[in-house]
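Computation of the quantities below employed the complete heavy-atom set of this structure, encompassing side-chain atoms and omitting hydrogens, waters and symmetry-equivalent molecules. Along the sequence shown, the residues carry numbers beginning at 1.
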Amino acid sequence: MSRFFAGGSDSDSDSSSDSEPVIRQQVAQFTFSDEEEDVKRVVRSKKEKRFEDLTNIIKSIRNHKKIKDMSSVLSSFEEFMRAYTKALPLVMKEENGITPRIVVRALAELEDFINESWDDKDNRKNLSKNNNKALGTLRQKFRKYIKDFESDMKRYRAAPEDFAEEEDDDDRDDEKGSDEEVEKAVAQTAMSKAVSFKKEPEKVKPVKPADDSDSSDWGSDSDSDSTSSDEDAKYTSIRDRFLKKPEKGTDEASSAPSGAAGDEALKKEKKKKTTESLGKKKKPKQDEMFDENEEEEEGWKVVNGTRSGASEQPKMFAKDAEINTKLVVGKLNEVMAARGKKRTDRKMQIEFLRELRTVAETNNLGPAVAAKIRFNIVSAIFDYNPKVSGAMKLEHWSKLLEEIQELLKLLLEHEDVHLSESILDEFEEYDTAPFKIRGCMLTAVERLDDEFTKLLKECDPHSNEYVDRLKDEVTVTNIIDQVVTYVERLCNEMEICRIYLRKIDHLYYKFDPNVLKKRKGQLPATTVTSVEEMDKLCRYIYAKDQTDRLRTRAILSHIFHHALHDNWYQARDLVLMSHLQETIHHSDPATQILYNRMMANLGLCAFRHGNIKDAHLCLVDLMMTGKPKELLAQGLVPQRQHERSLEQEKVEKQRQMPFHMHINLELLECVYLVSAMLLEIPYMAAHEFDARRRMISKTFYQQLRSSERQSLVGPPESMREHVVAAAKAMRHGDWNACANFIVNKKMNVKVWDLFYEANRVREMMVKFIKEESLRTYLFTYSNVFASISVPHLADMFKLPKSKVHSLISKMIINEELMASLDDPTETIVMHRSEPSRLQALSMQLADKVTNLVDANERIFEMKQGNFFQRGGNQGYNRDRQNYRNQNQNQNWNNNRRQDNRNRGNRGNQNRGEGREQRDHHREHHREQREHREHQREFREQRDHMRNVEYQGKAE
């Protein structure tokens, strides 16, 4: 009988038939194949379900943490929050509100993982964009969620070992499960031979192997039943049946006697096996590979694990080949022919070339072959980076510097080696001097300089990595100097101009204190400074360059360097003579950025020299736009939507300047606002009632107006607020408060200490504030005084009397102040020619009314001709329609002829009337214009008489 219709096998049923009846199970209507098993349905409580869900989620979080899959950790954590929210009622009911220890431990581990990942900035850079974003989101959500578990987390941090109890079962199942299963199997096999007086449990039949065919089973039911019953006797459950079979050693152990001695022997054997397995794990990889190779019977090949099969070191030449120049150059051309192809391994190509270089050096094939191979290695390293916009890796950068230095050393030592682009491949010469090689050293160095700039842009400017990369500039400038020596030897003017410009690019923005020391006589006259070096390089480019771009960039760099070292007049003359401001908008963006940088530095130089008006003119174009950061290529300002595409943003990021070349934007804005204040405040005081007053600086005016609109103004904090507060103090003539707002400890740290000679600049600032405050005071209060004492003004503004006398004289000469100086008494006598407030407002009203009348008359003159012509045409059409209605019954031909005659007469009549009216209006307007001119002349004579009268009274 089949084993599916009874609880045991046939042999079991026969043996037990005498003692007890066999209870047959009811035959099912549907029978299943032997390959299927009955699945037991387990009924679990709600608590078990919830805690099993939490345990599974915590395990998945741990697995995701191991591979640092932040997106999966985030999704699992969100799932954990939902599952714990569902389990919370059970926690409150069963655990009395105490958080399960497994949950507390999981949260603590996740917190440590998030903090470590967030603090490891290098690892964060290597994460993908999605994982980086998921880490930030996970950190925010976790910090909000963990607030409810603060007390539990403190308990865990105080005693972590108390929270490990619940997880012992899980760890035991995961880590020691296999060992326990082996031990159980051995123990059960040993106990099966012992006598048992208990009733044996029902034995489950093993599943048939899939390899047995049905045809072979038809005639052997009894055999299969007997064999299956014998096999079932060995196992007590399905789990024991499918355990791994014990080896010979375990079989021997299983045949040992049972009891305590047998158990001890089994434990010793198990310990011995674990120590052997641990010893195998600790073996190095290579020994393990060789051990496995010895154990294999069929003989496997040992493959080096460091390289793939495709990238193994190839054979360069045959063993018997004679290594000569022709063979090596042919192999070199063969390697370089694969350059740029799709399936070319770039790394393998560099290894090829290095091996080829070793072969050439071993066989002494000459400097020409060595130079050719090194130049191709440099080209291959450049090609290794597939992204044009991205920077190369640091390991390749260091190798590139080494290769270029070795190549330049070789070229400088052997003057008979000529490396030039003009040499064709067919005319290369490697055997006899002079050696000729195709290539361009200048292009390689220009590419090297561009890669150095990309490396600096990729680094964080506030990190030590940027400082480490910036140290490579010494090496780069040394390489450029060596190329200058090499190119000057070739006497190619165009290449000399190009390499000179590269040297200028590394020199123009660097401040040399020796320039100022030499100017003061602290250094000997023979000392060569950076200004003299720049002058020599730029003059050569001015004379020999054939392209406008190199000359333009050389001029801009020359002006920048002069301005940096306070050579104001030389820099100003270069700007005015070159006329670059007229043609710069036709240049490329990089040259326009250099022009903006030059104008910014020139404005700072003018300010240091006390040329306030020139400083304002240099900086006004930059600051009026409100985007000096973008114009100087020092960063991108966030734009509105669709104002800048992704492609444009990528291009603009490539144009950015390295951080060490930036100009301080706060310093620039402060100099501009202070210059505008010194110009705008006296002008506003002088033209207070002038309707046609113009704004000198729109930016400064807006800052001033926005401050005046505020109802409550506190003490100044930012740089702008300090300048606005100083401007308000200057409007009242309070120079001391103005100077304190501009020159104080906070402003010194932010702005003024950034200048080379900060004390001199601060003294100059205070002097200008006193002078402009004096001018503002005289403009504001001149109508109050009849006369003012010059010594009193000198004492009031802490200025020498000669300076006060000079300022007032200039104001009187420029007709800014209606007064006269009395030298014997040292007083200023006011002429009171300034109108009062009511008179000034009346004059403003009269001017505005006059302008309005003129505008009306001009509009009327423009439109009146069309108006009269339009009216004539309308009348003509109306009369024509009436005429047609009255003569409907007449002949059509007569009507048409009459109509034509009437049209001519009426048209002539209308044209005559319109001309007469236009002439009349013109005459009328002419008379009105003459009348206004007479009135204006009368007012001027009256004002002149009043001035004479005032002067007579004053005298």
Side-chain angles (χ1 to χ4, degrees), residues 39-178:
V39 179
K40 270 182 121 183
R41 188 162 176 242
V42 180
V43 179
R44 294 179 299 169
S45 64
K46 193 173 182 181
K47 178 182 177 182
E48 291 176 350
K49 286 182 182 178
R50 297 297 184 209
F51 279 88
E52 186 178 353
D53 291 342
L54 285 173
T55 307
N56 293 335
I57 294 171
I58 289 170
K59 285 182 180 179
S60 67
I61 289 176
R62 286 173 181 162
N63 292 334
H64 295 320
K65 283 194 298 184
K66 290 176 183 177
I67 59 174
K68 295 188 177 180
D69 187 0
M70 302 300 174
S71 303
S72 302
V73 172
L74 175 62
S75 58
S76 299
F77 178 67
E78 292 172 347
E79 189 179 352
F80 170 80
M81 291 193 292
R82 291 192 292 269
Y84 188 73
T85 305
K86 291 180 181 178
L88 199 58
L90 284 173
V91 172
M92 300 299 291
K93 182 179 178 182
E94 302 287 341
E95 306 289 339
N96 296 325
I98 300 173
T99 309
R101 285 178 289 186
I102 187 173
V103 173
V104 178
R105 184 182 179 116
L107 290 174
E109 290 175 354
L110 185 58
E111 184 181 24
D112 295 339
F113 172 73
I114 292 171
N115 293 335
E116 289 174 4
S117 303
W118 188 260
D119 294 337
D120 191 0
K121 294 184 179 179
D122 296 335
N123 192 21
R124 272 169 55 197
K125 288 181 182 177
N126 297 331
L127 290 177
S128 65
K129 187 177 179 181
N130 291 334
N131 278 343
N132 222 332
K133 186 178 179 182
L135 177 60
T137 309
L138 175 65
R139 184 168 176 261
Q140 290 179 354
K141 288 190 175 183
F142 187 82
R143 290 171 71 179
K144 290 181 182 177
Y145 187 72
I146 204 66
K147 291 179 181 178
D148 299 333
F149 301 91
E150 287 181 354
S151 58
D152 299 322
M153 297 296 287
K154 287 179 182 176
R155 286 192 294 110
Y156 175 82
R157 299 296 181 195
E161 61 276 1
D162 296 344
F163 290 80
E165 295 175 1
E166 282 191 10
E167 292 190 335
D168 286 346
D169 298 336
D170 298 331
D171 295 339
R172 195 179 301 117
D173 291 341
D174 293 339
E175 296 175 2
K176 301 180 181 178
S178 59

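Side-chain atoms of Arg124 come within 3.5 Å of backbone atoms of Trp118 as a donor-acceptor pair (strictly under, hydrogens ignored).
Side-chain contact check for Phe149 versus Tyr156: every heavy-atom pair is 4.5 Å or farther apart. Glu116 places none of its side-chain heavy atoms less than 4.5 Å from the side chain of Asp120. Contact annotation: the side chain of Glu78 approaches that of Leu74 to within less than 4.5 Å [non-hydrogen atoms, C-beta and beyond]. Contact check for Asn123 versus Ser117: no side-chain heavy atoms found under the 4.5 Å cut-off.
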Evaluate the criterion side-chain contact (heavy atoms from CB on, under 4.5 Å) for residue pair Lys68 and Asn131; output intermediate values, then yes/no. CA-CA 9 Å; Lys68 295 188 177 180; Asn131 278 343; over 6 Å; no

So Ile57 and Tyr84, side-chain contact (heavy atoms from CB on, under 4.5 Å) or not? Walk me through it. CA-CA 10 Å; Ile57 294 171; Tyr84 188 73; over 6 Å; no

Under the side-chain contact (heavy atoms from CB on, under 4.5 Å) rule, what do Phe113 and Met70 come out as? Steps first, then yes or no, please. CA-CA 11 Å; Phe113 172 73; Met70 302 300 174; 3.5 Å; yes

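The aromatic rings of Phe142 and Phe77 lie tilted to each other, with the angle between the two planes from 30° to 60°.
When every heavy atom of Val73 is checked against every heavy atom of Lys65, the shortest pair comes out as CG2-N, 4.0 Å. Annotation for Ala83 and Leu54: closest pair CB-CD2, 3.9 Å, computed over non-hydrogen atoms. Taking both residues in full, the closest heavy atoms of Leu127 and Asn132 are given as CB-N, 4.4 Å, listed atom of the first, atom of the second, then distance. Ser76 approaches His64 most closely through the heavy-atom pair OG-CD2, 3.4 Å. Counting all heavy atoms, side chain and backbone alike, Arg50 lies closest to Ala87 at CB-CB, 3.9 Å.
The CD atom of Glu109 sits 12.0 Å away from the CD1 atom of Ile114 when rounded to the nearest 0.5 Å. In this structure, CG on Asp69 lies 12.0 Å from CD1 on Ile61, to the nearest 0.5 angstrom. To the nearest 0.5 angstrom, Lys144 atom NZ is 8.0 Å from Lys147 atom NZ. The CG atom of Leu138 lies 14.0 Å from the NZ atom of Lys133; values are rounded to the nearest 0.5 Å. The CG atom of Asn63 lies 12.0 Å from the CD1 atom of Ile58; values are rounded to the nearest 0.5 Å. To the nearest 0.5 Å, the span separating CZ on Phe51 from CG on Asn56 amounts to 13.5 Å.
Few gaps surround CE on Met81; more than 12 heavy atoms of other groups in view lie less than 6.0 Å from it.
In summary, Lys154 and Glu150 do not engage in a salt bridge, as defined by a charged side-chain N under 4.0 Å from a carboxylate O.
Using modelled atom types and a 3.5 Å distance limit, the side chains of Thr99 and Asp152 yield a donor-acceptor pair.
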